[in-house]
Amino acid sequence: MKHLKLPTTARSLLVSAVLVSGAALLAPNAHAQDANDTAKFSIAIHGGAGTITRESMTPERERAYTAKLTEAINAGHAVLAKGGTSMDAVVVAVQIMEDSPLFNSGRGAVYNWDGIHELDASIMNGATREAGAVASVKTVKSPIALARKIMEESVHVMLSGEGAETFAQEQGLELVDNSYFNTEWRYESLQRMKKQVGNPQDKQAWATMDDNFKYGTVGAVARDKHGNLAAATSTGGMTGKRYGRVGDSPIIGAGTWADNASCAVSATGHGEYFIRYQVAADICSRMKYQQLDVVTAGDTVIHDVLLPAGGTGGVIIVDKDGNVHMPFNTEGMYRAKRVANQPVEVAIYND
Ligand code: ASP
C-alpha cells in the first residue's frame, strides 16, 4: 500500500493507492474530496504497449516501471491539483519518462537500422487546437519540450531533422550527443530484431516481427480545473526503422489529439496503422459526432476497427468531463491514471 501526500493545497487530506496488475490496494479511509473543487481534473499516462506478460517480467523490472509511472503521474497530478494547466501537466509527466532508460523515448529510445536514435514527439492544446510536432531529431534531449516550443514559438506545426535541431538550439533547449540515448538492452534488441528480420527488403518479415520491436512510446493526457485538455506523446519509434521512417507519434490526429469539445488522446502501437486509421482523432470524432461515451468510442476504435485491420497497440483518453479510459489490444500496456483526488492507479497487464 502506498500513501501519498500531495503538495500543500491543504484543502484535502488525500490518500492514494497503487493498483498494480488489476489488484486494487486501497487506502483504508475514504478520500476527502474538496467541496469547492467542482471541476474534475484528471491525468493519464502510458509507457508503451506490447507483449508485456507476467511471465516476461521480473519482480525488479515490475517494481521499476511501477515506481517510474507513479512518479510521472504524481508530478503531472500535482500541477493540476494546484490549478496549473493541462499543458504543463502533460509535459512534466512525459519528461520524467523521457529521462528514464525504461521507456522508448528520450534516454531509452530504440536504435534505428543504422544503430542510431531518431526521436519523434508531438503535443496538442485542446483549448486552442494549437499543436507542435517534431520528427527524426538526433540530439534533442527532450523532444516533447521541442514540440511545445514549436507550437508556442514558431509559425509552423511540424519540424523535422536538422532544421528542427537548429530551431531547438535557437530556443536554448538542451542538446546532447546521440550516444546519450545509448542503452545496452536496446542495442541487444536491435541485434535480435535484425536477426529476426534477416533481409530488410522482406516486407513479410517486417510484418510478422515481434511486437516488442515496435513499441514503448510514452504519452500523457490531462484535463485541468479550467476544463482544458492537452495531449503529449514522445518516442524513439520502431526498433530498426529505416530511411528516416516517421511513425504516428508526431502525427497530429494519429498519435496525438486534443479538443476541448471531445477528448484528448495519446497512442502507442504499430504506428503505420495508427496513421492510416487516424486513431487519436477518430476516437474524439466519435465522441463529438456520435455522442459516444469515452469507453465506447475508445473500445470501438481499438478493438473493432484497429485490430481487425492488423493494427496493435493502445491509447489513453481523457474526455471533456475528466473521465479516463485506457484501452489496448496487446497483452499489456504500461499505464497509470489519477482522477481528481482519487488514488493513483498503475497497471501493466491485461487483467
Ligand atoms: N507508435 C510508435 C511508432 O510507431 C511506437 C510505439 O508506440 O512504441 O513509432
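Both counts, for ligands and for their atoms, begin at 1 and track the order of listing.
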**Asked** So, T217 versus T235: side-chain donor-acceptor pair below 3.5 Å or not?
**Response** yes
**Message:** For the residue pair S142 / E98, report whether a side-chain donor-acceptor contact shorter than 3.5 Å exists.
**Reply:** yes
**Item:** Donor + acceptor pair across side chains of S266, T233 (<3.5 Å)
**Value:** yes
**Contact check: A267 vs ligand 1, nitrogen or oxygen atoms, below 3.5 angstrom** = no
**Message:** So for R245, does at least one of its heavy atoms come nearer than 4.0 angstrom to any atom of ligand 1?
**Reply:** yes
**Prompt:** For T217, is at least one N or O under 3.5 Å away from an N or O on ligand 1?
**Reply:** yes
**Request:** Verify whether one side chain among H117 and N182 offers a donor that lies under 3.5 Å from an acceptor in the other.
**Result:** yes
**Fill in**
Residues passing the ring-ring contact (aromatic ring centres under 6.0 Å, His included) test with Y273, sequence neighbours excluded, are H270
**Request:** Return yes when G48 approaches ligand 1 closer than 4.0 angstrom through a heavy atom, no otherwise.
**Result:** no
**Complete:** Residue pairs meeting disulfide (SG to SG under 2.5 Å), one or both in residues 231-273, sequence neighbours left out, come to C263-C284
**Asked** Heavy-atom contacts under 4.0 Å between S249 and ligand 1: side chain, backbone, both, or neither?
**Response** side chain
**Prompt:** Are any of the N/O atoms in G237 less than 3.5 Å from those in ligand 1?
**Reply:** no
**Message:** Would G255 count as a contact residue for ligand 1, given that I'm defining contact as a non-hydrogen atom of the residue lying under 4.0 Å from a ligand atom?
**Reply:** no
